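Worksheet for the structure shown next.
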Amino acid sequence: MVDETVEENTAAEADEFRIPETWAEMCENEPLFSLLPPLAPAERLSFKQSAQLRKLSGMAGFTLSADINGPEAKSLDDIEAKIDERMEFVGTALDWVKSLTVKPDKVDEWATGIGLDELFWLIEAILMFYTDQLGKSLASKRKSASTRSNCLPTSNVSMVWT
């Protein structure tokens, strides 16, 4: 019995969710992503795009925590409100994805024929990927900024902070 539990836990750990390292790996895991037009890499996101990513990630978490298995409600009005909330989120997130490409109309083509809940999960994966990539971009930028050549003054004037 104990051995079975250990085997099950080991198998579960092997199946843990892992954010892909590259966009190519994202496309391998979910072929639908390969149908998107080329998207800007995370290190090229503007401040506004990065801030919108943060906002969308928070919105996704809020929408998700309320009903992970779809809308659970006590009345038809409640169900309609929850679906409207998810629709609004997905629409806003698709606008953000469009801001990452020079071919925003191709994002609309990509989304055509995909159901709301499936599109929600696809968008959630994109948001998680970009959030992870932004963290790596910041770490890389810090490493580059901390090199000796970048930290040396370019003139004989010393800098004093007051």
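Predicted model, so just to flag it, every value in this text is computed and none were measured. Values below: all heavy atoms of this structure, side chains included; hydrogens, waters and symmetry mates excluded. The first residue in the sequence is number 1, and the count goes up from there.
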Query raised in the report: Does anything in residues 91-110 pair up under ring pair (Phe, Tyr, Trp, His ring centres under 6.0 Å), and if so which pairs, sequence neighbours excluded?
Result: W96-Y130
Query raised in the report: Can you find a pair of side-chain heavy atoms, one from V102 and one from P37, that are under 4.5 Å apart?
Result: no
Requested in this report: With the side chain counted from C-beta on, respond yes when F129 and T22 share a heavy-atom pair under 4.5 Å apart, and no when they do not.
Outcome: no
Report summary line: Taken to the nearest 0.5 Å, the spacing of E28 CD from S34 OG works out to 10.5 Å
Report task. Quick one: pull up CE in M87 and CG in L119 and give me the separation to the nearest 0.5 Å. Result -> 11.5 Å
Requested in this report: Could you pull out the closest heavy-atom pair between A60 and L127, with the gap in Å?
Outcome: CB-CD1, 4.3 Å
Query raised in the report: Distance from Q133 atom CD to E21 atom CD, nearest 0.5 Å?
Result: 7.0 Å
Query raised in the report: Under the criterion side-chain contact (heavy atoms from CB on, under 4.5 Å), which of L56, I123, L122 is the partner of V97?
Result: I123
Report task. Specify the closest pair of heavy atoms between L39 and L36, including all atoms of both residues, with the distance to one decimal. Result -> CD1-CD1, 4.2 Å
Query raised in the report: Once you round to the nearest 0.5 Å, how far does CG of L53 lie from CD1 of I126?
Result: 11.0 Å
Query raised in the report: What distance separates L35 CG from E30 CD, expressed to the nearest 0.5 Å?
Result: 9.0 Å
Query - Contacts of type side-chain hydrogen bond (donor to acceptor under 3.5 Å, both in side chains), residue E118, not counting sequence neighbours - result: none
Report summary line: Sequence neighbours excluded, the answer for salt bridge (charged side-chain N to carboxylate O under 4.0 Å, His left out) partners of K106 is E109
Query - Gap between atom CZ of F47 and atom CD of Q52 - 0.5 Å precision - result: 10.0 Å
Query raised in the report: Who pairs with S46 by side-chain hydrogen bond (donor to acceptor under 3.5 Å, both in side chains), at least two apart in sequence or on another chain?
Result: Q49
Report task. Of all the heavy-atom pairs spanning M128 and I19, show the shortest one and how long it is. Result -> O-CD1, 3.9 Å
**Report entry** E25: side-chain hydrogen bond (donor to acceptor under 3.5 Å, both in side chains) partners, not counting sequence neighbours
**Finding:** R18
Query raised in the report: Does D95 have any side-chain hydrogen bond (donor to acceptor under 3.5 Å, both in side chains) partners at least two apart in sequence or in another chain, and if so, which?
Result: none
**Report entry** Minimum side-chain heavy-atom gap L45-L100 below 4.5 Å
**Finding:** yes
